[in-house]
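Step one of this worksheet: look at the structure below.
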Amino acid sequence: MLLDALKADETCATWLESLENPDIPWLEAGLPEPDQLPGVLVDLAVPHEDIAQLLSLAEQVRRSPELSELLGRAVSGLLWRPTGAPGEGTGLPVLPAGTGVLGRCFAVLVFVAALPYAYRFHEERGVPADVSRRTFADLGRNMAVHRRRFGTTGLLVPWWPTRHFRGELYQLGRLQFERARLGRRTGEAVAGEGLAAGPGDPCLSVHIPDFLGPMTPGLCDDAIARARTFFARHFPEEEIRVAVCHSWLLDRQLRRYLPPDSNIIRFQDRFRTAYASDEPEDDTPVAFVFGGTETPRDRLPRRTSVQRAVLGHLDAGGHWYAGHGWFPMQD
């Protein structure tokens, strides 16, 4: 049984224990009826080849009082925000491999069950319907990433969509913007430049979703302009002065390999460097550029300048690091 496997796993057992917190209010949460669920999944951009599998798993959860209760507890913990600040809640862990397809997809069912509450939050904030739809569709996009990498139904990083369903992250054009707080090092860098912001203050964390084509400077300009208007209108109590990004795309070593007018370098040019990670993250660019890390590097294609840059740098004995940058959001 799924619960037995979760209790035997240290991380999952800790998660189950966190859901027992008496301060978490119980939310009535269930899955859409069988005749409605396919339409909900299509709206969430779930790959069509995954829908039949999810319908079968949903029926399995409906038939089991134990799984239905776990689903409700997971939704309640996911959406619990003690003070309403970004990053709160219990999150969702990666379930053990031995739990099979139900373990790979349980988080998907949790997000589907949480969807009515997520939409209600958007409606209370006056978020336009098209922004809501495109934001929540990132669930399907991440299932597509899993299918591209492993060829099966699942969700690669269950903790990622928690931001969307808690009302913390929004897709605005080509980019995604997450309500966040400045960390110590980035906040100190911002304050050192004389801005009225520092560690712990509100900021926007910028993310680049997959499967949306090139991130051209024009599309990025448009997304940032939308973000300035969107958050001032829908979250006026959070005075956001700074946008940040924590990504391998900000590794300044890319400038050795890519032309100054490339989209990635133009994206880097928007940011002032806060700091660079000390530990290498060589697998990260390989996973993002090639869809995974399972294929031996000598068999990966080198058709594009980015592919050649990522692999050539590693072939030469180099390493890739996450860059951490910021730029002012206010003119």
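Keep in mind that the numbers below use all heavy atoms, side chains included, and drop hydrogens, waters and symmetry copies. Count residues from 1 along the sequence. Worth saying up front: this structure is predicted, and the values here are computed from it rather than measured.
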- How far apart are the C-alpha atoms of Leu172 and Phe231, what are their side-chain angles, what is the distance that settles it, and do they pass the side-chain contact (heavy atoms from CB on, under 4.5 Å) test? CA-CA 11 Å; Leu172 302 170; Phe231 290 97; 3.9 Å; yes

- Item | pair Glu178-Pro86: side-chain heavy atoms closer than 4.5 Å | no

- Note on the structure: CZ of Arg228 to CZ of Phe177, rounded to nearest 0.5 Å, is 9.0 Å

- Message: Just verifying a value: how many Å separate Met143 CE and Asp50 CG, rounded to the nearest 0.5 Å?
- Response: 4.5 Å

- Query: For the residue pair Ala114 and Leu78, what are the closest heavy atoms and their distance?
  - Reply: CB-CD2, 4.0 Å

- Message: With a 4.5 Å cut-off on side-chain heavy atoms, are Asp201 and Arg241 touching?
- Response: no

- Item | Nearest heavy-atom neighbours spanning Leu31 and Leu109 | CD2-O, 3.5 Å

- Message: Between the side chains of Glu237 and Arg125, is the shortest nitrogen-to-carboxylate-oxygen separation below 4.0 Å, so that they form an ion pair?
- Response: yes

- Phe150 and His146 aromatic ring geometry - parallel, tilted or perpendicular at 30°/60° bounds: tilted

- When rounded to the nearest 0.5 Å, the distance separating OG1 of Thr135 from CG of Leu44 is 11.5 Å

- Item | Distance-minimising heavy-atom pair for Ala45 and Ala137 | CB-O, 3.7 Å

- Query: Cluster question for you: counting only ILVMFWY and a side-chain heavy-atom cut-off of under 4.5 Å, with indirect links fine, are Trp15 and Val108 together?
  - Reply: yes

- Can Val286 and Trp320 be said to form a side-chain contact (heavy atoms from CB on, under 4.5 Å), step by step? CA-CA 10 Å; Val286 174; Trp320 292 113; over 6 Å; no

- Query: Does a donor on one side chain sit under 3.5 Å from an acceptor on the other, for Thr216 and Arg266?
  - Reply: no

- Per side chain to side chain donor-acceptor pair (under 3.5 Å), Thr153 is matched among Glu49, Gln53, Arg147 by Arg147

- Does Glu20 CD have over 12 foreign heavy atoms under 6.0 Å away? yes

- Tightest non-hydrogen contact, residues Gly167 and Phe235, listed as O-CZ, 4.0 Å

- For Glu59, look at atom CD and say whether over 12 heavy atoms of other residues, nucleotides or ligands are found less than 6.0 Å away. yes

- Message: If we ignore hydrogens and angles and just use 3.5 Å, is the side chain of Glu66 paired with the main-chain N or O of Leu3 as donor and acceptor?
- Response: no

- Query: Does the ring centre of His313 sit less than 6.0 Å away from the ring centre of Tyr257?
  - Reply: yes

- If we only count heavy atoms from C-beta on, is the Met215 to Phe267 side-chain gap below 4.5 Å? yes

- Message: Parallel, tilted or perpendicular, judged at 30° and 60°: which one describes the rings of His319 and Tyr321?
- Response: perpendicular

- Item | Closest non-hydrogen atom pair between Cys12 and Pro96, with its separation | SG-CD, 3.7 Å

- Message: Quick check on the hydrophobic clustering: are Val94 and Leu71 connected, directly or via other members, by side-chain heavy-atom contacts under 4.5 Å?
- Response: no

- Query: Any chance CZ of Phe288 has more than 12 other-residue heavy atoms, nucleotides or ligands included, within less than 6.0 Å?
  - Reply: no

- Message: Whether Arg297 and Asp283 form a salt bridge (side-chain N of Lys/Arg under 4.0 Å from carboxylate O of Asp/Glu) is what I want to check.
- Response: yes

- Are Ile208 and Val131 connected, step by step, through hydrophobic side chains (Ile, Leu, Val, Met, Phe, Trp, Tyr) whose heavy atoms are closer than 4.5 Å? yes

- Task: State whether Arg270 and Asp221 are salt-bridged, where the test is any N-O pair (Lys NZ or Arg NE/NH1/NH2 against Asp/Glu carboxylate O) under 4.0 Å.
- Result: yes

- Query: Say you draw a straight line from SG of Cys105 to CZ of Phe111; how long is it, rounded to the nearest 0.5 Å?
  - Reply: 12.5 Å

- Identify the heavy atoms of Ser76 and Pro25 that sit nearest to each other, and give their distance. CB-O, 3.5 Å

- Looking at Arg185 and Glu188, does any basic side-chain N land under 4.0 Å from a carboxylate oxygen? no

- Mark yes when over 12 heavy atoms from residues, nucleotides or ligands other than Glu279 sit less than 6.0 Å from its CD; otherwise mark no. no

- Message: Looking at Glu168 and Arg179, is any side-chain nitrogen of the basic one under 4.0 Å from a carboxylate oxygen of the acidic one?
- Response: no

- Is there a side-chain contact between Trp326 and Glu193, using heavy atoms and a 4.5 Å cut-off? yes

- Any salt bridge between Asp210 and Arg148, counting N to O under 4.0 Å? yes

- Query: When rounded to the nearest 0.5 angstrom, what is the spacing between CD in Gln268 and CG in Asn263?
  - Reply: 12.0 Å

- When you measure from the side chain of Thr186 to the backbone N and O of Gly183, does any donor-acceptor pair fall under 3.5 Å? no

- Message: Check whether Arg62 reaches the backbone of Gly30 with its side chain - one donor and one acceptor, N or O, closer than 3.5 Å.
- Response: no

- Path from Tyr117 to Phe121 over hydrophobic side-chain contacts below 4.5 Å: no

- Message: Evaluate Val244 against Val206 for side-chain contact (heavy atoms from CB on, under 4.5 Å), listing each step before the verdict.
- Response: CA-CA 6 Å; Val244 303; Val206 181; over 6 Å; no

- Query: So do the side chains of Phe106 and Leu92 get within less than 4.5 Å of each other, counting heavy atoms only?
  - Reply: no

- 4.5 Å side-chain heavy-atom contact, Pro161 and Leu155: yes

- Query: Does the gap between the ring centers of Phe136 and Tyr119 come in under 6.0 Å?
  - Reply: yes

- Message: Would you say His246 and Ser205 are linked by a side-chain donor-acceptor pair, where the criterion is simply a distance under 3.5 Å?
- Response: no

- Message: Contact between Thr152 and Val101 at the side-chain level, heavy atoms closer than 4.5 Å - yes or no?
- Response: no

- Where the side chain of Asn142 meets the backbone of Asp138, is there a donor-acceptor pair that is under 3.5 Å apart? yes

- Message: Check for me whether the distance between the ring centres of His122 and Tyr170 falls short of 6.0 Å.
- Response: yes

- Under the side-chain contact (heavy atoms from CB on, under 4.5 Å) criterion, do Val289 and Thr304 qualify, and how do the steps go? CA-CA 10 Å; Val289 172; Thr304 71; 5.5 Å; no

- Message: With heavy-atom distances below 4.5 Å as the criterion, would you say the side chains of Lys7 and Leu16 are in contact?
- Response: yes

- His207-Trp160 aromatic ring centre distance below 6.0 Å: yes

- Donor-acceptor contact below 3.5 Å, side chain Gln307 vs main chain Arg303: yes

- Message: Please tell me whether Ile265 and Ile224 are part of a single hydrophobic cluster in this structure, the criterion being side-chain heavy atoms less than 4.5 Å apart.
- Response: yes

- Just by distance, with hydrogens left out, do Trp26 and Glu28 show a side-chain donor and acceptor under 3.5 Å apart? yes

- Message: Just verifying a value: how many Å separate Arg308 CZ and Asp315 CG, rounded to the nearest 0.5 Å?
- Response: 13.0 Å

- Query: Sub-3.5 Å donor-acceptor pair from the side chain of Ser64 to the main-chain atoms of Gln60, do we have one?
  - Reply: no

- Flag for Thr273-Arg252: side-chain donor and acceptor within less than 3.5 Å: yes

